[in-house]
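One structure is given here, and the rest of the page talks about it.
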Amino acid sequence: MRRVLTAATAALTLTTAGTMIAGAPAHAAPTAWGRPTVTAAPQPGAPGLGDSYFPDYGNGGYDVGHYDVRLRYEPATDRLTGTTTILATATQDLSSFNLDFLLDVESVRVNGWEAGTSTAGVHELVVTPARTITRGQQLTIVVRYAGVPSETLVGGYTGWTRTADGALAVNEPESAWWWFPSNDHPLDKATFDISVSVPNGVEVISNGVQPRPPLAEAGNRTRWGWRTTSPTITSLAFLAIGQYDIVTDTTPGGQPVINAYSTSLGALGPAARASIERTAEIIDWESGIFGPYPFEAQGGVAGPVDGIGFALETQTRPVYSPSFWRRGANTYVVAHENAHQWFGDSVSVADWRHIWLNEGFASYAEWLWSEEQGEGTAQELFDFTYGNYPADDEFWQVLPGDPGAARMFDDAVYDRGAMALHQLRLAVGDDAFFAILPAWTTANRYGNGTTAQFQALAEDISGLDLDELFTTWLFTAGRPDVAGAARTATAPAEPKSWAKIRESHELLSQR
Ligand SMILES: [Zn+2]
């Protein structure tokens, strides 16, 4: 997927982190963030988890188990009011702790007691409980708030997309700040109940399943409820509010399928359906390669014509821009976003620098889907991609294994990431390669991973030292030398799938 203002936001948060470091006690140095504080006196929870790209994303001192996000939304004004109840466990003695959030907070209660609040940095809500918290204590944090998310800007930017008939809360990695307070980093996963009251006739789609039908409320309103029972990272919870046609079904394996199509799609509607309605088939095929599907539901949301320009692997139900349907059905983007359910959603990055573990793998899934469809083998796609970027192209200067915050969604993370996986496949052979993929998703199911851990697993299974391969393809600038067709052929034939994959990546990535 892609987010819109990476560079601007990253610069802003880095500045903020610097400010906080300068003004904070020694224990808050970035390298110490997230470690339990060994001290008798309760300490403030760290304002970040020390992510190497976004040091102040997420917070230290507690671990969230569940979010109950209860909202009321007015499409006519973009006014959002809400109460989010967070169930968490303290991981240290705390005098205060932070939540990541941007809207105006009316009150915070911790285990029933009204807490003090203040703001800090770009997106930090500092909560000072009436009573100190001890390590291991169960916390019920109730935050009441309101705001207009589309007008709540960070560096001129909002991750909330207001549309003609509603809104989309779909963005990566900054999304939660505009609609629920959270510990906003992939290291802290939780389950979700999300409910939204809207005027009658408006639809609300979110993650997981609907535990009950929409409920009538006073004032000609309807409350929609959604539930995610698998651990979810905060940036993959989502809302799509507006005019949607909802299509429900059950897979042969008994999983609920819930798809939604914006009524604004017009002539793009049939292509959207011819793509998204194949989700269950594609997930079934991917399950044969990546291991059992990790979640409790499946689906897709075809967003409105005035919504997002990309697609995002929102858990159990990716959201797609209408741009993907301009040239007809596109199953490659469906294969990409659903591959993320394993690579990104179930196995999430431990630090955003490892983003190729999401995008390289989801892109390689497109190559495998191309093979399956008879539209070009992964080798042909590797050769053509290799030749498509001349050796002096800037593409080869971006390191997929550490692209930098501003280039997290660069083409190189997608295409060279997929090329790195193909080189791994060639080096270890198909038997080992197709054992490594499900072993990775099994070992780290509902958890987090790093590039070093993936390399170690690949070395364990293959029995090979892969250090040179990983260093060359992920961490070395310049076009690596390869043997074979890509090197010798001046112009390898264009695989049939190339145009659609390229078009998808132009929408998904950013340079
Ligand atoms: Zn992706």
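Just so you know, these numbers use all the heavy atoms, side chains as well, and skip hydrogens, waters and symmetry mates. Quick note: residue numbers are just sequence positions, from 1.
- Side-chain contact check for V428 versus I461: every heavy-atom pair is 4.5 Å or farther apart.
- Between the side chains of Y332 and Q373, no donor N or O sits under 3.5 Å from an acceptor N or O.
- Panel note: side chain E371, backbone A378; a donor-acceptor pair is recorded below 3.5 Å.
- A salt bridge links R326 with E503: the closest approach of a Lys/Arg side-chain nitrogen to an acidic carboxylate oxygen falls below 4.0 angstrom.
- Not less than 6.0 angstrom separates the ring centroid of W352 from the ring centroid of Y53.
- Judged by distance alone, the side chain of S363 and the main-chain N or O of G360 form no donor-acceptor pair under 3.5 Å.
- A distance-only check finds no donor-acceptor pair linking the side chain of D56 to the backbone of P47 [under 3.5 Å].
- The ring of F180 has its center closer than 6.0 angstrom to the ring center of F192.
- Counting heavy atoms from C-beta on, the side chains of L236 and L312 come closer than 4.5 Å.
- Here CD of Q255 is found 10.5 Å from CG of D284. Values are rounded to the nearest 0.5 Å.
- Within the 3.5 Å criterion, the main-chain N or O of I194 finds no donor-acceptor partner in the side chain of Y67.
- With hydrogens and angles left out, the side-chain atoms of S504 and N330 include a donor and acceptor closer than 3.5 Å.
- Annotation: side chain of F238 is not in contact with side chain of S175 (no heavy-atom distance under 4.5 Å).
- Proximity of a side-chain donor or acceptor of N259 to a complementary backbone N or O of G300 within less than 3.5 Å is detected.
- A 4.5 Å side-chain heavy-atom check between P294 and D345 finds every atom pair outside the cut-off.
- Here F454 and F343 keep their ring centres 6.0 angstrom or further from each other.
- The minimum heavy-atom distance between A427 and L469, with the atom names listed, is CB-CD1, 3.5 Å.
- Counting only distance, with no hydrogens or angles, the side chain of E380 and the backbone of T377 share a donor-acceptor pair below 3.5 Å.
- Listed for the R416 side chain is a donor-acceptor partner under 3.5 Å among the backbone atoms of W396.
- Taking the six-membered ring for Trp and the full ring otherwise, the centers of F361 and W356 sit less than 6.0 Å from each other.
- The two atoms that bring P322 and L265 nearest to each other are CB-CD2, 3.6 Å, heavy atoms only.
- Both the sub-6.0 Å distance and the 45° axial angle are not jointly satisfied by R479 relative to the ring of Y389.
- For the residue pair H505/E366, the side-chain donor-acceptor check at 3.5 Å is satisfied.
- A donor-acceptor pair is defined here as one N or O able to donate and one able to accept, closer than 3.5 Å; no such pair exists between the side chain of N338 and the backbone of I283.
- The closest side-chain heavy-atom distance from Q341 to S346 is not below 4.5 Å.
- T158 contributes a side-chain N or O that, together with a main-chain N or O of P149, makes up a donor-acceptor pair within less than 3.5 Å.
- The side-chain heavy atoms of R425 and L368, taken from C-beta on, include a pair separated by under 4.5 Å.
- In this structure, the ring of W177 has its center less than 6.0 angstrom from the ring center of Y57.
- Side-chain contact between W440 and F290 is absent, with no heavy-atom pair separated by less than 4.5 Å.
- Between W369 and W285, the distance from one ring center to the other falls under 6.0 angstrom.
- Rounding to the nearest 0.5 Å gives a distance of 10.0 Å between CZ of R317 and OG1 of T279.
- Expressed to the nearest 0.5 Å, how far CG of D467 lies from CD of Q455 amounts to 5.0 Å.
- Counting heavy atoms of neighbouring residues, nucleotides and ligands inside a 6.0 Å radius, atom CG of D431 does not exceed 12 of them.
- Taking the side chain as every heavy atom from C-beta outward, Q315 and S230 approach each other to under 4.5 Å.
- The closest side-chain donor-acceptor pair between D78 and W160 falls under 3.5 angstrom.
- Once rounded to the nearest 0.5 Å, the distance linking OG1 of T152 with CH2 of W179 reads 15.0 Å.
- Going from atom CG of D411 over to atom CZ of R407 covers 10.0 Å, rounded to the nearest 0.5 Å.
- A salt bridge links D415 with R502: the closest approach of a Lys/Arg side-chain nitrogen to an acidic carboxylate oxygen falls below 4.0 angstrom.
- We find the CG-CG distance between L464 and L424 to be 9.0 Å, quoted to the nearest 0.5 Å.
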